[in-house]
Amino acid sequence: MDQFTTLKQSLRKLPADFYIRKATAVAKDLLGKIIVHQAGKVFYSGMITEVEAYRQNDEASHSYRGISKRNRVMFQEGGVIYVYLIYGMYDCMNVVTGCEGTGEAVLIRSIEPVTGIKQMAANRGLKNLSMDSALRGLTDGPGKVCQAMKVNRKHNGLNLMGEKIFIAESGLFSGRMKIGRSERIGIRKGTHLEWRYFIRDNQFVSKHK
DNA sequence: GACGGGATTTGCT
DNA sequence: GCAAATCCCGTCC
């Protein structure tokens, strides 16, 4: 059995109720989990290394001013993904959390690639690079994660209980982690909240601070 | 390494 | 109008 098959068989999809909790709680628990996107023949997967929580009574959150055309998915029951366009150029992927009617989500800020790495590099526009240099900076930012894993606004609202995009636990990635915490990145409002969580000493984390 | 500007579209005031 | 949950590339140490 090859490594790829071993990985696939070790994946245990997170249950629906994992997501029906506060975004801050879900955020911490997403660290170390494996996010998967099956796109045709490509099996994209990576370990989540950095996240940020956004809640409804939170000035930095898209849901702060109530439901709109863009943010409506944030108000669904937890367990779907919310993908939006940022700065007119990049997509950002979030995991919606909480009960139906509450606008909460967790932004996936970075992952450590596991499978589909060559495709990720190609999707990011990196060509003819050795594996080592291709890996550097490949998925250490929310826009980069979406670009690499080929996730975009067409996936907005997709349910994580399906087979297309899902999040799983894996016995192969169950080691002890040191978790770091800080203010969220790239926002002007709500900066007093320390709702960014990341795996310490992991190179696939945003380079800020 | 640090800093600064440009790309580019959407949503809301 | 303008700010935005970003990234990349150039310049200048």
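Predicted model only: the values in this text are computed from it and were never measured. Naming: A, B, ... by sequence-line order, numbering from 1 per chain.
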Open item on the list: How many whole angstroms separate atom CG of A:Leu138 from atom P of C:dC8?
Closed with: 10 Å
Open item on the list: Taking the six-membered ring of A:Phe43 as reference, does the cationic atom of A:Lys8 (NZ for Lys, CZ for Arg) lie under 6.0 Å from its centre and within 45° of its axis?
Closed with: yes
Task: Atom-pair distance (CZ on A:Arg65; P on B:dT10), nearest Å - done: 21 Å
Task: Salt-bridge criterion met for A:Arg196 and A:Glu50 (N-O under 4.0 Å) - done: yes
TODO: Give the dot-bracket string for DNA chain B, reading 5' to 3', where a pair is Watson-Crick or G-U wobble with both distances under 3.5 Å, ( ) marks pairs inside the strand, [ ] marks pairs crossing earlier ones, | marks a partner on another strand, and . marks unpaired.
DONE: |||||||.||||.
Open item on the list: Among A:Lys118, A:Gln119, A:His37, A:Met149, which residue satisfies the side chain to side chain contact (heavy atoms under 4.5 Å, CB included) criterion with A:Val42?
Closed with: A:Gln119
Task: Along DNA chain C (nearest heavy atom to each residue), the more 5'-positioned of A:Arg188 and A:Gly141 - done: A:Arg188
Task: Polar side-chain contact A:Tyr87-C:dA3 base: donor and acceptor under 3.5 Å - done: no
- [ ] Indicate whether OP1 or OP2 belonging to C:dC7 is found under 4.0 Å from a side-chain N or O atom of A:Arg124.
- [x] no
TODO: Please state how far atom NE2 in A:His62 lies from atom C1' in C:dA3, giving the value in whole angstrom units.
DONE: 11 Å
Open item on the list: Considering every strand and a 4.0 Å limit on heavy-atom distances, what is the contact class for A:Gly88: base, sugar-phosphate, or nothing?
Closed with: base
Task: Heavy-atom pair with the smallest gap, counting every atom of A:Ser45 and A:Ile34 - done: CB-CG2, 4.0 Å
Open item on the list: Counting only side-chain nitrogens and oxygens, does A:Ser61 get under 4.0 Å of the OP1 or OP2 atom of C:dA5?
Closed with: no
Open item on the list: Could you tell me how far apart A:Met89 (CE) and B:dG6 (P) are, to the nearest whole angstrom?
Closed with: 14 Å
TODO: Starting from P on C:dT6, measure out to CG on A:Leu85 and report it in whole angstrom.
DONE: 12 Å
- [ ] For A:Tyr54 and C:dA5, say yes or no: do the ring centres fall under 5.5 Å of each other while the ring planes differ by less than 30°?
- [x] yes
Open item on the list: Expressed as a whole number of angstroms, how long is the span from A:Leu193:CG to C:dA5:P?
Closed with: 14 Å
Open item on the list: Closest-nucleotide mapping onto DNA chain C: is A:Gln147 or A:Ala105 further toward the 5' terminus? I mean the 5' end.
Closed with: A:Ala105
Open item on the list: Would you say that more than 12 heavy atoms from the other residues, nucleotides or ligands in this model lie under 6.0 Å from the CG of A:Asn152, or not?
Closed with: yes
- [ ] Using whole Å, report how far OH of A:Tyr90 lies from C1' of C:dA4.
- [x] 14 Å
Open item on the list: Taking any heavy-atom pair under 4.0 Å as a contact, classify A:Leu107: base, sugar-phosphate, or nothing.
Closed with: base
- [ ] Give one of base, sugar-phosphate or nothing for A:Lys69, where a contact means two heavy atoms less than 4.0 Å apart.
- [x] nothing
TODO: Work out which heavy atom in A:Met161 is nearest to a heavy atom in A:Lys13; give both atom names and the distance.
DONE: O-NZ, 3.3 Å
Task: Per A:Ser68 side chain, nearest of listed nucleotides C:dA5, B:dC12, C:dC8 - done: B:dC12
- [ ] State which residue, out of A:Val96, A:Val95, A:Leu158, fulfils the side chain to side chain contact (heavy atoms under 4.5 Å, CB included) condition with A:Tyr82.
- [x] A:Val96
- [ ] Give me the one residue out of A:Asp91, A:Thr139, A:Ile108 that meets side chain to side chain contact (heavy atoms under 4.5 Å, CB included) with A:Cys146.
- [x] A:Asp91
Task: Rounded distance (Å) that lies between atom P of C:dT6 and atom CZ of A:Arg153 - done: 16 Å
Open item on the list: B:dG1, OP1 or OP2 - any side-chain N/O from A:Lys207 closer than 4.0 Å?
Closed with: no
- [ ] Could you give the distance separating B:dC3 and C:dA5 at their C1' atoms, to the nearest angstrom?
- [x] 22 Å
